[in-house]
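Scroll down for the structure; my scribbles are underneath it.
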Amino acid sequence: MKTLLNRSSLGLAAAGLCSLALLSSCGDDGPNTKTDQPSTAAAGTQDAATSGDTLQQSRDALFNAAVYDLVTTISDNATYPVFNTKARDFLELLDKYCADLRAHSTDMRERVRAACALAKVIRNVGGAYERAEIAYRDALKEFQALTPQEIDSPEGQHTLSSIHNGIASCLLYQNKSAEALKYYQEALKIDEAQFKAVDMKEGDTISGKEAITALSRAVVEVVDSYRCLADCQLISDDPEEALDTYKKGIEIAAKYQGQPTVEMAVSFSKIYTSYANLEQKNGNTDKARQAWAVAANLCTAANNGTNDLLQKLETKRDYDALIEVLKATAPAEVPAEGAPAAN
């Protein structure tokens, strides 16, 4: 979703670019070069080591916020001319950072994360889909160099799914829908497995921020994967398969839409909207209107639940568009018998 940036967002972009230039060395977590201290080390030396660790953690946190959070902002808004120059400057710096990581760092997790971020920005800035596909495939190679434990972890599988989805989207934009389907299907297999690991059964309860966050992410990712696959099937001129795939995603969404997180509500509204659009195309206006209405309610839930200004603007925009289509497709009212004629 695209939203025009305000001045504060542009200021964040400028700050992020400066931070990237200053902190690019923070991502290099190579072999530990510290000298092990004997057990009789002075307290002051231990305090200094602790302080050094704390400083490194603070620098890493700042780097993460300045770079990786900014990737999403830049990618989502790169089509706006006022922002595009900053985005391209950021891309150049991120490209150099990835090259330096490959040359000097053995921290494979950071190399994977940086490579994925680079691919995403390349894809969304200027629509360089062929180059972005290469970057995503480079990220896949970096990912395959992780340890088996890292690959099989929930975070590792999340990353692998994202890479497959990234490659698929680049292929789709290059009009290679048949090849894109394979990668979307691979991503869906991963997301289905992650979802099944946390899916709640009847009577289950969940509490704790960490557990709720894990469930929300798994639900969102599997629903989004169903939607992306269905979109690709539709482009591949297979509307029946697409309709069936949308319905599978909606089945999961319906289970969790009673009290969704903001992320769930946004994800669910998208798949209900895509499903409704297809039903309308098939001539099933009543089904389409029901799904559009659900999507509009989910936009309201997301809007009420977030404090993020851009998200509020996006969900309000989507809600307004859904209300307009509901008005446009509303059946004509039949005047009641004996009702006065309009003057």
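Atoms considered below: every heavy atom in the structure, side chains included; atoms not considered: hydrogens, waters and symmetry mates. Since the structure is predicted, the reported quantities are computational estimates derived from the model, not experimental observations.
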If you look at every heavy atom in A230 and A242, which pair is closest and at what distance? O-CB, 3.4 Å
When hydrophobic residues are tied together by side-chain contacts of less than 4.5 Å, even through go-betweens, does I252 share a cluster with I190? no
Test side chain to side chain donor-acceptor pair (under 3.5 Å) applied to T329 and Q280, step by step: CA-CA 9 Å; T329 56; Q280 173 70 359; 5.8 Å; no
Quick one, C170 with E130, criterion side chain to side chain contact (heavy atoms under 4.5 Å, CB included). Give me CA distance, side-chain angles, the key distance, then yes/no. CA-CA 7 Å; C170 293; E130 186 174 353; over 6 Å; no
Quick one: does any side-chain atom of S274 pair with a main-chain N or O of I271 as donor and acceptor, under 3.5 Å? no
Got more than 12 heavy atoms from elsewhere within 6.0 Å of NZ, K255? yes
Distance col, row R289:CZ vs T285:OG1, nearest 0.5 angstrom, shows 8.5 Å
Spatial distance of atom CG (N165) from atom NZ (K120) [nearest 0.5 Å]: 11.5 Å
Can you see which heavy atom on D237 is nearest to which on P239, and at what distance? C-CD, 3.4 Å
Salt bridge (charged side-chain N to carboxylate O under 4.0 Å, His left out) against E279, all qualifying residues, sequence neighbours excluded: none
Salt bridge (charged side-chain N to carboxylate O under 4.0 Å, His left out) between D244 and K247: does it pass, once the steps are laid out? CA-CA 5 Å; D244 184 57; K247 287 180 178 179; over 6 Å; no
Could you tell me whether K248 and E251 make a salt bridge, using a distance below 4.0 angstrom between a side-chain N and a carboxylate O? no
Residue pair Y226, E192: steps toward the side chain to side chain donor-acceptor pair (under 3.5 Å) verdict: CA-CA 9 Å; Y226 274 117; E192 283 179 327; 2.5 Å; yes
Should R109 and E150 count as an ion pair when the cut-off is N to O under 4.0 Å? yes
Ring centers of Y173, Y129 separated by less than 6.0 Å: yes
Output the distance between atom CZ (R111) and atom CG (D138), rounded to the nearest 0.5 Å. 11.0 Å
R113/E142 ion pair, N-O < 4.0 Å: no
So, the side chain of S236 versus the backbone of C232: is there a donor-acceptor pair under 3.5 Å, distance only? yes
Is there a path from Y136 to L146 through hydrophobic residues (I, L, V, M, F, W, Y) whose side chains come within less than 4.5 Å of each other? yes
Are L234 and L188 linked, directly or through intermediate hydrophobic residues, by side-chain heavy-atom contacts shorter than 4.5 Å (ILVMFWY only)? yes
Under the side chain to side chain contact (heavy atoms under 4.5 Å, CB included) criterion, do V219 and V198 qualify, and how do the steps go? CA-CA 9 Å; V219 171; V198 298; 5.8 Å; no
Mind checking whether L160 and V222 sit in one hydrophobic cluster, side chains of I, L, V, M, F, W, Y counted as touching below 4.5 Å? no
Test item: Q233 and Y184 side chains (from C-beta on) under 4.5 Å apart, heavy atoms: no
Would you check, one step at a time, whether the test salt bridge (charged side-chain N to carboxylate O under 4.0 Å, His left out) holds for R131 with D95? CA-CA 12 Å; R131 184 184 168 200; D95 194 8; 3.3 Å; yes
Between P260 and M264, which heavy-atom pair has the shortest distance, and what is it? CB-CB, 3.7 Å
Can you confirm whether more than 12 heavy atoms, excluding those of E92, are under 6.0 Å from its CD atom? no
Of all heavy-atom pairs between Y272 and A253, which one has the smallest distance, and what is that distance? CE1-CB, 4.2 Å
With sequence neighbours left out, the residues meeting ring-ring contact (aromatic ring centres under 6.0 Å, His included) with Y183 are H164
I would like to know whether F268 and Y256 meet side chain to side chain contact (heavy atoms under 4.5 Å, CB included); could you show each step before the answer? CA-CA 9 Å; F268 297 170; Y256 288 96; 4.1 Å; yes
S177 versus L181: any side-chain heavy-atom pair under 4.5 Å? no
T159 side-chain N/O to E155 backbone N/O, donor-acceptor pair under 3.5 Å: yes
Under a 4.0 Å threshold between the charged nitrogen and the carboxylate oxygen, would D199 count as salt-bridged to K196? no
Between K182 and E186 (salt bridge meaning N to carboxylate O under 4.0 Å), is one present in this structure? no
Distance (rounded to the nearest 0.5 Å) between L243 CG and L278 CG: 5.0 Å
Side chain to side chain contact (heavy atoms under 4.5 Å, CB included) between I151 and Q157, worked out: CA-CA 6 Å; I151 289 174; Q157 291 298 291; 4.1 Å; yes
For the side chain of R137 and the backbone of I167, is there at least one donor-acceptor N/O pair under 3.5 Å apart? no
S216 side chain to I212 backbone, donor-acceptor under 3.5 Å: no
Side chains of Y97 and E110: donor-acceptor distance under 3.5 Å anywhere? yes
Same cluster or not: are L91 and L101 linked, directly or through other Ile, Leu, Val, Met, Phe, Trp or Tyr residues, by side-chain heavy atoms under 4.5 angstrom apart? yes
Whether over 12 other heavy atoms sit under 6.0 Å from F195 CZ: yes
Could you give the distance from OG (S162) to CG (L140), rounded to the nearest 0.5 Å? 12.0 Å
Can you give each donor-acceptor pair under 3.5 Å made by side-chain atoms of residues 291-308, sequence neighbours left out, with the distance rounded to 0.1 Å?
{"from": "W292", "atom 1": "NE1", "to": "N277", "atom 2": "OD1", "distance (Å)": "3.1"}
{"from": "N297", "atom 1": "ND2", "to": "A293", "atom 2": "O", "distance (Å)": "3.4"}
{"from": "T300", "atom 1": "OG1", "to": "A296", "atom 2": "O", "distance (Å)": "3.2"}
{"from": "N303", "atom 1": "ND2", "to": "K312", "atom 2": "O", "distance (Å)": "2.9"}
{"from": "N303", "atom 1": "ND2", "to": "T315", "atom 2": "OG1", "distance (Å)": "2.9"}
{"from": "N304", "atom 1": "ND2", "to": "T300", "atom 2": "O", "distance (Å)": "3.3"}
{"from": "T306", "atom 1": "OG1", "to": "D308", "atom 2": "N", "distance (Å)": "3.0"}
{"from": "T306", "atom 1": "OG1", "to": "Q311", "atom 2": "OE1", "distance (Å)": "2.8"}
{"from": "D308", "atom 1": "OD2", "to": "L310", "atom 2": "N", "distance (Å)": "3.2"}
{"from": "D308", "atom 1": "OD2", "to": "Q311", "atom 2": "N", "distance (Å)": "2.8"}

Show, in sequence, the C-alpha distance, side-chain angles and deciding distance for E221 and Q194, and conclude whether the side chain to side chain donor-acceptor pair (under 3.5 Å) test is met. CA-CA 9 Å; E221 288 180 352; Q194 295 302 300; over 6 Å; no
Looking at CG of L93 and NZ of K96, how far apart are the two atoms once the value is rounded to the nearest 0.5 Å? 9.0 Å
Backbone of D107 reached by a side-chain donor or acceptor of S105 within 3.5 Å: yes
